Protein chains: 2
Amino acid sequence: MTRGTRAEQRERTRQALVRESRRLFATLGYGAVGLSEIVRAAGVTKGALYHHFSSKAELFRAVLEQVQEEVAERIAETADAREDTWEQLISGCQAFLTVSTDPVIQRIMLVDGPAVLGWSEWRAMNETTSGRHLAQVLGDLIEEGTIIAQPVEPLTHLLSGAMNEAALWLAASKDPADLDDTQKALVAMLQALRVT
Amino acid sequence: MTRGTRAEQRERTRQALVRESRRLFATLGYGAVGLSEIVRAAGVTKGALYHHFSSKAELFRAVLEQVQEEVAERIAETADAREDTWEQLISGCQAFLTVSTDPVIQRIMLVDGPAVLGWSEWRAMNETTSGRHLAQVLGDLIEEGTIIAQPVEPLTHLLSGAMNEAALWLAASKDPADLDDTQKALVAMLQALRVT
DNA sequence: TCCTTCACGTACTGAAGGTACGTGAACTTT
DNA sequence: AAAGTTCACGTACCTTCAGTACGTGAAGGA
């Protein structure tokens, strides 16, 4: 039954496990998904799963990594289209709010992520993907004098926290005007950081 | 062995379960704590636990409720000392950042809470305690014309999300100046909301 | 061709959350 | 105050879960 070279087969199995567990984690939540359900959906057995991942949490980690890379990519491609650094910040934040409305991203990245891996690990993973962009842009804006001189880290956490929570709320809200209202309020808060 | 009236005994057992599980949940995290560990610490059996709570998640819910009430109380008593509504907002936010540095509150209220109960339920519980105060004050400030007229909800979520994330970061940070920097950045963002 | 490696499958284990049912003391009723 | 009822728990058990030990057969190297 196994097809192709060994490395190919290995990769196919791993991807099937990540893909199916991502789908199940997103719809049911980490705690409500059993490993037996995952391996059945992926068409393999638990032997295969534990050959690739050392634990259920490690499997989740691989899924979260994939999700975060996708989010970072989608934000970067929106932000990098702008020349002005300030506009990169604004459009990047708006892109995040839009992208994060996806329930898949919600549950895995924002709800289960911190609880399963612990907040510090979750933070560290963010730092290497989408979180890095935000800190980078804010740092640039401070350096070029657009934003009032201040430590970057507190600002980064305040803003990313604000957007995370807002995204979760937006996904649950019914009124389509909420997105617009939130973006306006966010931009207003960002404007406050500018030197007059 | 049982002492006093039936209602008294019932209450003692319940409080012992909540107290011990709160301690264990806070130090080890919800997932890492077994029911057997909880009932052993509380000096009862699983029969008692399931007589009071319908599930492990319900027990956690009771713990979270207690924690949130304490936080709301501590914030309210700081904020209510002020006469000016604007100063209530500022001092309330600062009180939240200070109170939320407690690792007990961190783990239960900010990390495990959304994952165990689901984000919407977690949000609903916040809304009835500390979250209500924030929305209340912001609403008052808009009404009295101190803050630019706008929908209250987006603002509330942006701010509470910012403070939640900031609190988690502050608890992990080493530099004592971080708290001050964060509060300054937060106040600056709040100032942006004022009418000129 | 023989041997080694490795990507799995199979069969099992301990512990977890949860349940069914028994029990004895606290309350109620007559 | 005796009999009956309620209820706060304890005991014993079940199911399901994450995790492990070990076997197997095909791929790759000699």
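Computed from a predicted structure; not experimentally measured. Reckoned from all heavy atoms, side chains included, excluding hydrogens, waters and symmetry mates. Naming convention: chains lettered A, B, ... in sequence-line order (proteins, then strands); numbering from 1 in each chain.
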Need one value for B:V33: base, sugar-phosphate or nothing, where a base atom within 4.0 Å counts as base even if backbone is also close, heavy atoms only.
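Sugar-phosphate: the residue B:V33, judged by heavy atoms under 4.0 Å, touches backbone atoms but no base.
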Using OP1 and OP2 only, check whether a side-chain N or O of B:S36 sits under 4.0 Å from C:dG17.
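For C:dG17, neither OP1 nor OP2 has a side-chain N or O of B:S36 closer than 4.0 Å.
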Would you confirm whether A:R74, through its side chain, and A:E70, through its main-chain N or O, come within 3.5 Å as a donor-acceptor pair?
no
Partner of A:K184 by side-chain hydrogen bond (donor to acceptor under 3.5 Å, both in side chains), out of A:T182, A:D181, A:D180
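The passing option is A:D180.
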Please answer whether the main-chain N or O of A:L97 pairs with a side-chain N or O of A:S100 as donor and acceptor at a distance below 3.5 Å.
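Between the backbone of A:L97 and the side chain of A:S100 there is no qualifying donor-acceptor contact (under 3.5 Å).
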Is the shortest side-chain N/O distance from B:T13 to OP1 or OP2 of D:dC9 below 4.0 Å?
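The answer is yes; a side-chain N or O of B:T13 sits under 4.0 Å from OP1 or OP2.
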Show each protein N/O and nucleotides 3-5 of chain C N/O combination with a separation under 3.5 Å, one pair to a line.
unit_1 : atom_1 : unit_2 : atom_2 : d
C:dT5  : O2     : A:R6   : NH1    : 2.9

To the nearest Å, how far apart are B:Y50 OH and C:dC21 P?
18 Å
Would you indicate which nucleotide in D:dC9, C:dG17, C:dC8 comes nearest to any side-chain atom of A:R10?
C:dC8
To the nearest Å, how far apart are B:R12 CZ and D:dC9 C1'?
14 Å
Looking at A:Q9, does any N or O in its side chain come under 4.0 Å of the phosphate oxygens OP1/OP2 on D:dA27?
no
What residues from residues 52-64 of chain B pass a heavy-atom cutoff of under 4.0 Å to DNA chain D?
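The answer is B:H52.
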With respect to the phosphate group of D:dA8, does any side-chain polar atom (N or O) of B:H51 fall under 4.0 Å of OP1 or OP2?
yes
Tell me: OH of A:Y30 to P of D:dC17, nearest whole Å?
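Spelled out: OH on A:Y30 to P on D:dC17 is 13 Å.
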Hey, which sits more toward the 5' end of DNA chain D by its nearest nucleotide, B:A48 or A:E37?
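Looking at the nearest nucleotide for each, B:A48 comes out on the 5' side.
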Regarding B:S55 and B:R61, is there a side-chain donor-to-acceptor distance under 3.5 Å anywhere?
no
Whole-Å distance separating the CD atom of A:Q15 from the C1' atom of C:dC8:
17 Å
Apply side-chain hydrogen bond (donor to acceptor under 3.5 Å, both in side chains) to the pair B:Q9 and B:R12, showing each step before the final yes or no.
CA-CA 5 Å; B:Q9 177 59 25; B:R12 264 205 302 275; 2.9 Å; yes
Taking the basic N atoms (NZ, or NE/NH1/NH2) and the acidic carboxylate oxygens, is any pair closer than 4.0 Å for A:R123 and A:E127?
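A salt bridge links A:R123 with A:E127.
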Donor-acceptor pair, distance only, cut-off 3.5 Å: does the side chain of B:Y30 make one with the backbone of B:V111?
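Not at all, since once roles are kept as given, no pair shorter than 3.5 Å links the two residues.
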If you look only at distance, which donor and acceptor atoms sit under 3.5 Å apart when one is on a side chain in residues 32-41 of chain A and the other is two or more places apart or in another chain?
none

Under a 3.5 Å distance rule, please check whether B:Q106 uses its side chain to pair with a backbone N or O of B:A167 as donor and acceptor.
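Such a contact is found between B:Q106 side chain and B:A167 backbone.
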Measure from CD on A:E11 to P on C:dC8 and round the result to the nearest Å.
10 Å
Quiz question: going by heavy-atom distance under 3.5 Å, is there a donor-acceptor pair between the base of D:dG19 and the side chain of A:K46?
yes
Whole-Å distance separating the CG atom of B:L35 from the P atom of C:dG17
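Roughly 4 Å, once rounded to whole Å.
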In whole angstrom, give the distance that lies between atom CG of A:L24 and atom P of D:dC17.
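One finds 13 Å between P of D:dC17 and CG of A:L24, rounded.
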NA contact type, B:G47, heavy-atom cut-off 4.0 Å: base, sugar-phosphate, or nothing?
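Here B:G47 touches the bases of the nucleic acid.
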Validation row: A:L64, A:D112 side chains within 4.5 angstrom (heavy atoms)
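No, side chains not in contact.
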